[in-house]
Each structure stands twice: as structure tokens, then as C-alpha cells.
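For reference, the structure is listed below as C-alpha cells.
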There are 2 protein chains.
Amino acid sequence: MAIKTATRQRQSIADGVRDQKREHILEVAENLFFRQGYAGTTISGIVEHLGVTKPYLYYYFGSKSDIYETLCWQASNACLTAMHFEADDARPAIEKLREGLHRFASANVTHFKSGTFYYRDSSPLQPALLKRLRLLSRRFYDELSETLEQARQDGDLDFENTRLTARAIGSVAGFMYTWYDPDGSIAPEEMADQLSHILLKIAGEKSNRKGSRKHS
Amino acid sequence: MAIKTATRQRQSIADGVRDQKREHILEVAENLFFRQGYAGTTISGIVEHLGVTKPYLYYYFGSKSDIYETLCWQASNACLTAMHFEADDARPAIEKLREGLHRFASANVTHFKSGTFYYRDSSPLQPALLKRLRLLSRRFYDELSETLEQARQDGDLDFENTRLTARAIGSVAGFMYTWYDPDGSIAPEEMADQLSHILLKIAGEKSNRKGSRKHS
DNA sequence: CCTACCGATCGGTAGG
DNA sequence: CCTACCGATCGGTAGG
């Protein structure tokens with residue numbers, strides 16, 4: 001039992017180091033993929049920025065597309081599960097919408113680089129992953145549309161076309177990468193707050209005068 | 001004089017044919033760039049789809065990036081000049097906003113493939129063109145922001161953060177390429193109408209009950 | 001026999 | 001406007 005524990009600890013430490021190395025590679029690759037696109041980014045360029053060699057990289061990842069797919073899946077999964085709620089969640093739709101859209105906004109701010117890979121360039125993704133991503137995306141818009149319609153029936157929202165409204169909400173978050181500067185004056189949390197506020201507005205939120213702190 | 005006219009006519013016809021060939025190349029290249037990205041699209045792939053050889057293509061265009069830049073500039077220019085009005089245009093801001101946003105929506109639907117190149121992958125664009133595009137984009141958001149604020153002062157709009165509202169409007173149009181299918185059930189004109197309607201909603205348009213034909 | 005690498009070079013393909 | 005190519009560079013892997 002003591003031996004087993006010691007062995008497990010050694011493995012955990014080794015795995016932890018391995019995970020750290022992987023994380024570092026992913027971090028550098030993410031920046032390059034975001035700035036130069038998939039095909040515009042070379043393995044040589046990635047390892048150059050890391051200060052390591054190519055075999056080092058290939059020890060941690062099977063291929064260039066493996067890195068891209070890992071980043072893409074992590075980010076897309078975080079963003080597109082934001083509108084998911086337990087079946088026994090009995091809160092009013094408008095409350096779930098507020099929480100869900102804030103989670104969605106936060107996830108898009110946090111993963112605002114890799115979160116763009118799926119729609120900016122999906123050609124490196126293998127068919128199986130693409131299928132999972134399409135399912136994930138469809139579910140997100142289905143859950144968002146359903147919550148929107150429930151809240152409208154409750155009289156808390158005002159909009160016409162549900163699918164278009166859902167797409168418009170997804171668009172504002174998805175397009176943020178073209179204008180948001182994470183190193184700029186607006187902190188991530190503040191950005192997520194402002195973003196979720198405008199997403200609720202697209203949904204036609206009524207009587208939003210509870211925390212209406214005016215900005216000049 | 002007669003010779004000059006005849007010569008000019010011959011030149012015009014030759015130029016017309018040349019333009020047709022160029023247009024055909026641009027059309028095929030646009031589809032491939034849109035689907036596969038810049039670096040993911042090969043010159044061999046383009047000429048294969050065209051049924052011609054590489055030297056044929058290089059007779060009409062100087063380089064791969066030349067084709068990409070031509071498409072990118074045409075589309076971005078069409079979309080980002082939509083909010084421009086003559087200095088002596090004395091109409092109310094809300095009227096200009098309606099017309100401008102409808103032009104913007106239409107341009108984005110028409111150029112919904114090449115219109116994405118600037119923000120999906122700008123790395124192939126040479127610095128001079130990138131500078132012109134950035135200027136074009138800045139002017140668009142400046143003009144949009146100014147019109148938004150004027151209309152708000154007139155009491156026709158309701159929104160808080162001007163720059164964020166302008167960015168949200170641009171986002172919904174710019175992200176349309178991820179969900180709009182031009183060969184689908186929604187015709188381009190109908191799409192432009194629906195799109196401009198939701199853009200006005202983001203601006204917080206009041207008393208929009210003039211042409212309120214309800215859709216079930 | 002493992003890990004974490006290195007210098008050198010593989011087969012193919014890019015833009016031109 | 002085609003056939004036949006080039007200098008270089010790509011992603012990935014060999015032996016040690």
C-alpha cells in the first residue's frame with residue numbers, strides 16, 4: 001500500500017511535469033496559430049519560440065494538427081457548453097439566460113484566441129472532431145434558442161426571429177477577437193460583464209434598471 | 001481619328017476579355033480561399049479547378065497574394081464605406097443610420113466570402129494595403145459611432161457604450177459567414193433586410209412600429 | 001531499458 | 001499560353 005502510494009506519487013509528479021511542458025507548447029502555438037493561421041504557422045516557428053527542438057515537440061504531440069485540435073477543442077468546448085443547464089433546474093428562463101450568457105461571455109474572453117480556430121479555419125480538423133464540434137455548436141444554439149423562447153413567453157424578452165437572435169448573440173462573442181485587446185485598458189472581467197450586457201440587449205431584455213450604473 | 005477609335009475599340013474588347021478571365025480566376029480563388037484559408041489554398045488547386053496551367057494564372061495575376069489582396073480590398077471597401085454620407089446631407093441621424101446599416105448589411109451579404117479575408121487572415125496582405133484597410137475600418141467605426149450618438153441625442157436610440165455598440169453591430173455582420181448559406185432558403189435581399197433589422201435593434205431603435213409586419 | 005534530447009536528412013510540395 | 005523545371009522550405013523522423 002505504501003509502495004503503491006509512493007509509485008502513484010512519482011507517476012503524478014512525472015505526469016504533472018509532462019502536463020506543464022504540454023501547456024507551454026500549447027500556449028506558444030496558440031499565439032502563433034492566432035496571428036498567422038494554421039498553414040502560416042510552421043513547426044520550426046513554434047519550436048524556435050520555445051527554444052527547443054522538433055523531436056522535443058513531437059514527443060509531446062503526435063503532429064501539428066494534434067496541437068491545433070487540442071487547442072480548438074478545449075476552447076470551443078468551454079464556450080459552447082455555457083448554455084447547458086441541469087434538467088431539474090427550475091429557475092425562470094430569464095435567470096438561466098443571464099447566467100448562461102455571462103458564462104458564455106466569460107469563456108469567450110478567456111479563450112478568445114483558440115476559440116476562433118473552429119470558425120476561422122476548420123480545414124486542419126479531422127472529420128471525427130469536426131463532427132463533435134458541429135454537434136456541440138448545434139446544441140449550444142438549440143439550448144440558447146429554447147431558453148430565449150421560454151423567457152419571451154414569460155414576458156421577460158422582446159424579439160422577433162429566435163434563430164437569428166441566437167446567431168446574433170453568438171456573433172458578437174465570436175467576432176470579439178477582431179477588436180478586443182486583452183492587454184489593453186479593459187480587464188477580462190470587465191469585458192465579460194460589458195459583453196454579457198449587450199448580449200442580453202440583443203435578446204430584448206426588458207426592465208434592466210436594477211443595477212443601472214450610468215457611464216458618461 | 002477613325003483609326004484611333006477602332007484601335008480603342010479593339011483595346012476595349014481585349015480588355016473586356018482580359019477582365020472576364022480575371023473575374024473567372026477571382027471567382028474560383030474566392031471559393032477556395034474562403035473554404036481552405038490562404039496558406040491552405042494552393043496555386044495548383046486553383047488552376048486545377050480552372051482547367052488551366054499555372055503560367056496562365058500568372059499571366060493575369062502577379063502572385064498568389066495579388067489575387068487574395070484584390071478580393072479582400074474589393075469586398076472590404078464595399079462593406080466599410082456603407083456608413084459614409086456627404087457632408088451636406090441634412091437628414092436626421094436615425095434616417096442615415098437606417099440607410100447606412102441596410103447598405104452595410106447588403107454589402108456583407110453580397111461579399112460574404114471575400115469580406116471575411118481581412119479579419120480571418122490578414123497575414124498575406126502587404127503592409128501598405130493593411131494600412132489602407134485599417135484606415136477604412138477605423139473610419140467606418142468612427143462614422144457609425146458619430147451617427148449613433150447623434151441619433152441618441154435626437155432621442156431616437158437607446159444604448160450605453162457607443163464604441164461597444166458599434167463593434168457589436170459590426171460583429172453580427174462580420175460573423176454572418178459562419179451561419180449564412182447563400183444557396184439556402186433565405187434569399188440575399190431577405191437576409192439583408194433581416195440583418196439590418198437586428199443591427200438597428202442593437203442600436204436600441206425606439207418606436208419601430210411603422211412597418212411591423214409580424215412573422216409567426 | 002528509460003527519458004529527453006541532438007545533428008542531419010527524409011519524401012513531398014510550395015510559389016514562381 | 002504550355003512543358004519542364006528552379007531554389008526553398010514544409011512537416012515529420014532517422015540513428016545515436
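So you know, we letter chains A, B, ... as the sequences are listed, proteins then strands, and number each from 1.
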Original post:
Which whole-number value in Å describes the distance from Lys54(A) NZ to dT9(C) P?
Top reply: 14 Å
Original post:
Gln20(A) has an atom CD; how far is it from atom P of dA4(C), in whole Å?
Top reply: 13 Å
**OP:** Describe, in one word, how the ring planes of Tyr68(A) and Phe33(A) are oriented to each other, choosing from parallel (under 30°), tilted (30 to 60°) and perpendicular (over 60°).
**Re:** perpendicular
Decide if the gap between the ring center of [X] and the ring center of [Y] is smaller than 6.0 angstrom.
{"X": "Tyr177(A)", "Y": "Tyr119(B)", "answer": "no"}
{"X": "Phe34(A)", "Y": "Phe112(A)", "answer": "yes"}
{"X": "Phe140(A)", "Y": "Phe104(A)", "answer": "yes"}

Original post:
Does Glu160(B) come within less than 4.0 Å of Lys201(A), counting only side-chain N to carboxylate O?
Top reply: no
Original post:
Would you call Asp121(B) and Arg35(A) a salt bridge, using N to O less than 4.0 angstrom?
Top reply: no
When you compare the side chains of [X] and [Y], does any donor N or O come within less than 3.5 Å of an acceptor on the partner?
{"X": "Asn31(A)", "Y": "His49(A)", "result": "no"}
{"X": "Ser63(B)", "Y": "Ser65(B)", "result": "yes"}
{"X": "Asn161(A)", "Y": "His197(B)", "result": "no"}

**OP:** Return one dot-bracket line describing DNA chain C 5' to 3' (Watson-Crick or G-U wobble pairs, both distances under 3.5 Å; ( ) same strand, [ ] crossing, | another strand, . none).
**Re:** .....|...||.|.||
Original post:
Which of residues 55-69 of chain A have a heavy atom under 4.0 Å from DNA chain D?
Top reply: Pro55(A), Tyr58(A), Ser63(A), Lys64(A)
Original post:
Near DNA chain C, under 4.0 Å by heavy atom, which residues of residues 36-43 of chain B?
Top reply: Thr41(B), Thr42(B), Ile43(B)
Subject >> Distance between C1' atoms of dT9(D) and dG11(C) (Å, rounded) >> reply: 13 Å
**OP:** In whole angstrom, give me the gap between the P atoms of dA4(D) and dG16(C).
**Re:** 22 Å
Subject >> Check against side chain to side chain contact (heavy atoms under 4.5 Å, CB included), Gln74(A) and Ser114(A) >> reply: CA-CA 8 Å; Gln74(A) 279 180 356; Ser114(A) 300; over 6 Å; no
**OP:** Kindly point out which of dC5(C), dT13(D), dT3(D) is positioned nearest to the side chain of Thr53(A)?
**Re:** dC5(C)
**OP:** Could you point out which residue of Leu97(A), Ile169(A), Leu144(A) forms a side chain to side chain contact (heavy atoms under 4.5 Å, CB included) with Leu199(A)?
**Re:** Ile169(A)
